[in-house]
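Below, chains carry the letters A, B, ... as their sequence lines are ordered, and counting in each starts from 1.
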Amino acid sequence: DSGVTQTPKHLITATGQRVTLRCSPRSGDLSVYWYQQSLDQGLQFLIQYYNGEERAKGNILERFSAQQFPDLHSELNLSSLELGDSALYFCASSTQGRNYGYTFGSGTRLTVV
Amino acid sequence: DQQVKQNSPSLSVQEGRISILNCDYTNSMFDYFLWYKKYPAEGPTFLISISSIKDKNEDGRFTVFLNKSAKHLSLHIVPSQPGDSAVYFCAASSNSGGSNYKLTFGKGTLLTVNP
């Protein structure tokens, strides 16, 4: 157990629908990152939050949004889903400083049918 | 634009031999590099890192080498074990300060260690 909890582990939904992925960071970590891993793609950075505030944005579609709540958990909302959104979505958290990189959750596998 | 490139999608080695995984980067602002290992159905886990002020970092069977002039790093695993079979991701970051940094990942290399 890495200490980063992602739910649900698997999600199957239809095109056009909206889903919410949830992430609880490791205790004490203030930063949360969301990454997408599609087939044959590396880990694509989507967005970072630090202590409730958005800090960095990557290749995140306008149909996607995220937030970090006062208890530091984060949610990634995906709407108007398309077949191409099928992927593994990882959440990671980190402490201040970068010497140890991120701690990843086990991911949510989203399948859009 | 792929700033971190792992040009070998897969690598197969015999148990006990050396595994060498390569990574190239294009962004000269990157100054900290990490390797992650990922097993199926799990998230990536941190393996080893290196700062740009060093050219080598060793941790047990794992050694990372950094060649800044060539913008190239490599991960050596000696000796390789079947349990090392996994996808290995190279990642890089630049010094944006404090809590605000992001890692840029390569596409990964699938290492298979054959008994």
Side-chain angles (χ1 to χ4, degrees), chain A residues 1-7 9-10 21 23 25-26 28-60 68 72 88-109, chain B residues 1-10 21 23-25 27 29-54 57 59 64 75 86-110:
Chain A
D1 182 11
S2 68
V4 178
T5 303
Q6 287 189 248
T7 56
K9 290 194 183 303
H10 302 277
L21 312 183
C23 170
R26 196 177 52 171
D29 287 354
L30 300 178
S31 279
V32 169
Y33 305 80
W34 286 97
Y35 279 81
Q36 178 193 56
Q37 185 184 18
S38 303
L39 196 63
D40 294 332
Q41 294 294 318
L43 291 156
Q44 301 290 317
F45 171 69
L46 295 178
I47 197 164
Q48 177 203 0
Y49 278 84
Y50 176 78
N51 203 20
E53 292 186 5
E54 182 184 305
R55 279 297 176 95
K57 227 170 182 176
N59 300 321
I60 188 166
Q68 186 180 29
L72 300 179
L88 267 170
Y89 291 84
F90 287 103
C91 167
S93 71
S94 70
T95 58
Q96 284 207 358
R98 56 183 183 160
N99 289 347
Y100 304 101
Y102 303 165
T103 300
F104 281 86
S106 57
T108 293
R109 179 171 293 281
Chain B
D1 176 30
Q2 194 87 18
Q3 297 186 63
V4 177
K5 299 177 185 178
Q6 294 178 256
N7 292 320
S8 298
S10 63
L21 296 99
C23 177
D24 297 295
Y25 62 96
N27 189 339
M29 298 300 292
F30 288 149
D31 63 352
Y32 199 77
F33 304 90
L34 307 92
W35 285 92
Y36 281 78
K37 180 167 73 173
K38 183 184 180 302
Y39 293 118
E42 295 182 13
T45 55
F46 171 74
L47 190 58
I48 192 169
S49 63
I50 188 167
S51 165
S52 61
I53 62 173
K54 296 185 175 181
N57 188 26
D59 183 3
V64 56
L75 174 68
V87 176
Y88 289 78
F89 289 99
C90 172
S93 75
S94 58
N95 184 12
S96 56
S99 60
N100 186 24
Y101 71 95
K102 74 174 178 73
L103 292 178
T104 301
F105 286 85
K107 291 188 177 184
T109 296
L110 173 62

Value for OH (A/Y35) from CZ (B/F89), rounded to nearest 0.5 Å, stands at 11.5 Å
Distance from B/K38 atom NZ to A/L43 atom CG, nearest 0.5 Å?
8.0 Å
Not counting sequence neighbours, which residues clear ring pair (Phe, Tyr, Trp, His ring centres under 6.0 Å) with B/F33? List them please.
B/Y25
Sorted by chain and number, sequence neighbours left out, side chain to side chain donor-acceptor pair (under 3.5 Å) with A/Q37 holds for none
Sub-3.5 Å donor-acceptor pair from the side chain of A/Y102 to the main-chain atoms of B/L103, do we have one?
yes
As an exercise: rank B/G106, B/P44, B/G108, B/P9 by heavy-atom pairs under 4.5 Å with chain A and give me the winner.
B/P44
